[in-house]
**Q** 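One structure follows; several queries about it will come next.
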Amino acid sequence: MADTSTQTPNPPKQKKAKKPLKIKARAPRGFVDKTAPTVRAEQGLIQAVTAIYGQHGFEPLETSAFEYADALGKFLPDDDRPNAGVFALQDDDEQWMALRYDHTAPLARYAAENWQHLAKPYRRYAAGPVWRNEKPGPGRFREFWQCDADIVGSDNPAADAEICLIARKGLTAAGLSDEQVSIKINNRKLLNATLDMAEVSDPTQKLIVLRALDKLDRLGLEGVTALLGDGRKDESGDFTTGAKLTPKQIETVLAFSTAGRETRADTLTALEGVVGGHAEGAAGLAELRAMDALFTALGHPPGAFVFDPGIVRGLEYYTGVVFEAELNIQVQDEKGRPVQFGAVGGGGRYDDLMTRFTGQPVPATGFSFGVSRLVSALQAAGQTIEAPAPLVMVLVLDAEHTDHSFLLAERVRQAGISTEVYVGTSGMKAQMKHADRRNAFAAVIVGEDERQDSTVTIKNLELGRQLAQRIDSREKWAEERPGQVTVPADDMVKTLQEMWDGNQA
RNA sequence: GCCGUCGUAGCUCAGUUGGUUAGAGCGCCAGAUUGUGGCUCUGGAGGUCCUCCGUUCAAUUCGGAGCGACGGUACCA
């Protein structure tokens, strides 16, 4: 029997001996590390928003990161391109699984699976990462957090209105002011009616029309008109093929999209004139009227909830009301140019999403925040990020007595102050430097002298930071020992607390 | 996906008209400093010059392809 295992494989090329390759330390494309300030801000935000959801009786639901690909809907990967759009892999039983790309599809799967156990209407919230296997861009990543609230099992416009209400409440709870938040609302039924009246029936053509209308705020009437017609050439010379509508069709479509007025009542009147004569249009208008009545009764300012026929949103699964949360914030970039914030969240009614599980439509409506985008919006709005908790550093001057430092640190922690014991191996100077860089407000120094006397030396690092700016000679610096005291070990916690309070004053 | 710019130390960047050992500033580590953050001085570590293929006696440098970053545009459940 031939044993091939002892044969040498092809000898490596006789090049100069290479050093072992070092791996480039970098996160995968489109994935980012979130450092402490961002994590703190995002966690604070999610806490504030989900508290609102909880007040409205929504329950948390965490579903798994992976779903079977067919449960995710029409974006399931095919064999040729198993990772188109989603991150997918094949399980042992050859089933395709994919990471969720939003929280809505998993909710539909969960609700269908547990339908008989759920009290309907079922309302839940979810916060967590979602993954999209697309080319990343500025402010766009392949992993990002969304925070959702949905109501399944009600086709009542009151459910849509409540979703809009908590979207707004969530944003204000996150720290935005009443004037900064605006929920813009449209209804896909009105769009369908418009397309029907304009005699646009080809599905592909419909899609192009909707995409064009979605760009109204960015490209303006002229650009959208071009996209509805033959097409448009952008600044880079790239040509986008248009929907090839006739001028009359374009007129019909744009008459709808530009029917927005100052108040909801005026907009409803204008829309009545455009699509009121169409059956589906009339149905959509009735839903908006019901929402309007609730908003008005609850006494929110007029700008809080706006009917805007220019809103299109996601193109595939929305069936009725759609909405977007927009921020009225004036921001400038480094070059002083005004920055337009896109929507920080959106949602709508998706009555058909569960059909593939249940065989019949189940009404559902929901909303989703982009967590990271909202955090950067808050920062732009001047919301300060929570400062990290105060920190004390306990030095270890003699490795044999590390336990002593650990015991002291435990006493400080019990008083509620975060405490780090130096666990490196460098000398005192490096430890002080470390304490400084960790932004500790105080260092606890325990050497042989302190141990024998049952004392500790506490140095006020914050004070030293201020003094350092005025001292330039080494001698003075060495003599200064700013805010340094030696106290009995039993007074350590009290001294630290007073030092912190004093520094805050 | 398409167009453009770029890729040299941890960071910001010089430089090599193709030739011995590729540099600076900042940062990092250590010493001067006895048990003290900053300043100053001294020393040290750290590089497949993005990768591969080609041209060449010789490529970090020239050519091609790829990958990556950034910007614009498209798509975005």
Side-chain angles (χ1 to χ4, degrees), chain A residues 13 15-30 72-76 84-86 98 100-105 108 130-138 140 142 144 146 207-208 211 214-215 218-219 227 231-241 312-318 342 346-348 350 353 368 370 393 395-398 424-440 442-450 457-484 486:
Chain A
K13 288 178 192 168
K15 285 198 169 182
K16 52 192 165 184
K18 282 184 178 177
K19 278 195 264 182
L21 287 186
K22 267 189 280 187
I23 294 165
K24 180 104 176 161
R26 60 187 176 118
R29 200 160 65 104
L72 288 180
K74 66 184 279 293
F75 287 89
L76 58 130
V86 295
R100 64 180 179 223
Y101 56 78
D102 69 9
H103 291 305
T104 311
V130 300
W131 298 268
R132 297 184 184 184
N133 192 5
E134 314 172 315
K135 187 194 154 196
R140 293 184 54 189
R142 297 206 284 177
F144 56 97
Q146 287 192 332
L207 211 60
I208 298 173
R211 281 176 187 159
D214 200 27
K215 296 181 177 71
R218 196 157 47 82
L219 298 182
L227 281 176
R232 172 178 177 271
K233 193 185 279 190
D234 67 35
E235 290 144 37
S236 77
D238 206 12
F239 187 76
T240 310
T241 308
V312 178
R313 288 295 303 163
L315 303 171
E316 293 306 324
Y317 64 53
Y318 289 118
Y350 47 96
L353 194 56
S368 175
M393 183 73 55
L395 308 193
V396 178
L397 298 192
D398 183 354
T425 52
S426 297
M428 180 171 185
K429 189 180 174 77
Q431 296 191 33
M432 290 300 297
K433 207 169 169 177
H434 178 68
D436 187 39
R437 213 195 292 189
R438 295 282 287 112
N439 216 25
V444 174
I445 302 166
V446 272
E448 200 179 342
D449 297 349
E450 285 87 353
T457 296
I458 298 175
K459 177 159 182 163
N460 189 337
L461 296 174
E462 194 55 51
L463 202 58
R465 276 181 201 114
Q466 292 158 21
L467 292 176
Q469 295 165 4
R470 301 201 305 270
I471 297 176
D472 47 6
S473 89
R474 217 196 76 73
E475 290 74 22
K476 261 198 269 178
W477 172 257
E479 282 169 21
E480 201 71 27
R481 300 281 159 93
Q484 183 165 322
T486 300

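Per chain, numbering begins at 1; letters A, B, ... match sequence-line order.
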**Q** Describe the nucleic acid contact of A:L395 in one word from base, sugar-phosphate, nothing, applying a heavy-atom distance below 4.0 Å.
**A** nothing
**Q** What's the closest nucleotide to the side chain of A:L461 if the choices are B:rG37, B:rG35, B:rA77?
**A** B:rG37
**Q** If you round to the nearest 0.5 Å, how far is CG of A:N439 from CD of A:E462?
**A** 6.5 Å
**Q** For B:rA69, give its Watson-Crick or G-U wobble partner with both distances under 3.5 Å, or none.
**A** B:rU5
**Q** Suppose you measure atom P in B:rC11 against the same atom in B:rC49; what distance do you get, rounded to whole Å?
**A** 16 Å
**Q** Provide the distance between the two C1' atoms, one in B:rA32 and one in B:rG68, to the nearest whole Å.
**A** 44 Å
**Q** Say you pick atom C1' in B:rG18 and the same atom in B:rU55; how far apart are they, in whole Å?
**A** 12 Å
**Q** Can you check side-chain contact (heavy atoms from CB on, under 4.5 Å) on A:K215 and A:V312, steps first, answer last?
**A** CA-CA 9 Å; A:K215 296 181 177 71; A:V312 178; over 6 Å; no
**Q** Among B:rG35, B:rC76, B:rG68, which is the nearest nucleotide to the side chain of A:D449?
**A** B:rG35
**Q** Between A:R140 and B:rC75, is there a side-chain N or O to OP1/OP2 distance below 4.0 Å?
**A** no
**Q** May I have the distance from A:L397 (atom CG) to B:rU34 (atom C1'), rounded to whole angstrom?
**A** 13 Å
**Q** Pick one: which of A:R465, A:K429, A:K459 meets salt bridge (Lys or Arg N to Asp or Glu O under 4.0 Å) with A:D436?
**A** A:R465
**Q** Classify the nucleic acid contact of A:E450 as base, sugar-phosphate or nothing, counting any heavy atom under 4.0 Å across all strands shown.
**A** base
**Q** Of the listed nucleotides (B:rA69, B:rG35, B:rC75), which one gets closest to any side-chain atom of A:T457?
**A** B:rG35
**Q** Are A:M432 and A:L395 close enough that some pair of their side-chain heavy atoms sits under 4.5 Å apart?
**A** yes
**Q** Taking B:rC28 as the reference, what is the distance to B:rG47 when you measure between their C1' atoms (whole Å, please)?
**A** 16 Å
**Q** Between B:rC75, B:rG37, B:rG35, spot the one nearest the side chain of A:M428, thanks.
**A** B:rG35
**Q** As an exercise, state the distance from CG of A:L463 to CD of A:Q484, rounded to the nearest 0.5 Å.
**A** 11.0 Å
**Q** Would you call A:Y317 stacked on B:rA77, i.e. ring centres under 5.5 Å apart with the planes less than 30° off parallel?
**A** no
**Q** Using the P atom in both, what is the distance from B:rG44 to B:rU8, to the nearest Å?
**A** 26 Å
**Q** For A:K459 and A:G30, find the nucleotide of RNA chain B closest to each by heavy atoms; which residue's nucleotide sits nearer the 5' end?
**A** A:K459
**Q** Work out how far the P atom of B:rU16 is from that of B:rG31, and round it to whole angstrom.
**A** 39 Å
**Q** Using side-chain heavy atoms (C-beta onward) and a distance below 4.5 Å, is A:D398 in contact with A:E448?
**A** no
**Q** Picking from B:rU36, B:rA77, B:rA74, which would you name as closest to the side chain of A:K215?
**A** B:rA74
**Q** Is the base of B:rC75 touched by the side chain of A:R132 through a donor-acceptor pair closer than 3.5 angstrom?
**A** no
**Q** Which atoms form the tightest heavy-atom contact between A:E450 and A:T457, and what is the distance?
**A** OE2-OG1, 2.5 Å
**Q** Measure the shortest side-chain to side-chain distance between A:L227 and A:R211 over non-hydrogen atoms and say whether it is less than 4.5 angstrom.
**A** no
**Q** At 4.0 Å (heavy atoms only), tell me whether A:N460 reaches a base, stays on the sugar-phosphate, or touches nothing.
**A** base
**Q** Using the P atom as the reference point in each nucleotide, state the distance between B:rG43 and B:rC26 in Å, no decimals.
**A** 14 Å
**Q** Could you go over nucleotides 29-33 of chain B and give all protein N or O partners under 3.5 Å, atom names and distances?
**A**
| unit_1 | atom_1 | unit_2 | atom_2 | d |
| --- | --- | --- | --- | --- |
| B:rA30 | OP1 | A:S426 | OG | 3.1 |
| B:rU33 | N3 | A:R474 | NH1 | 3.3 |
| B:rU33 | O4 | A:R474 | NE | 3.3 |

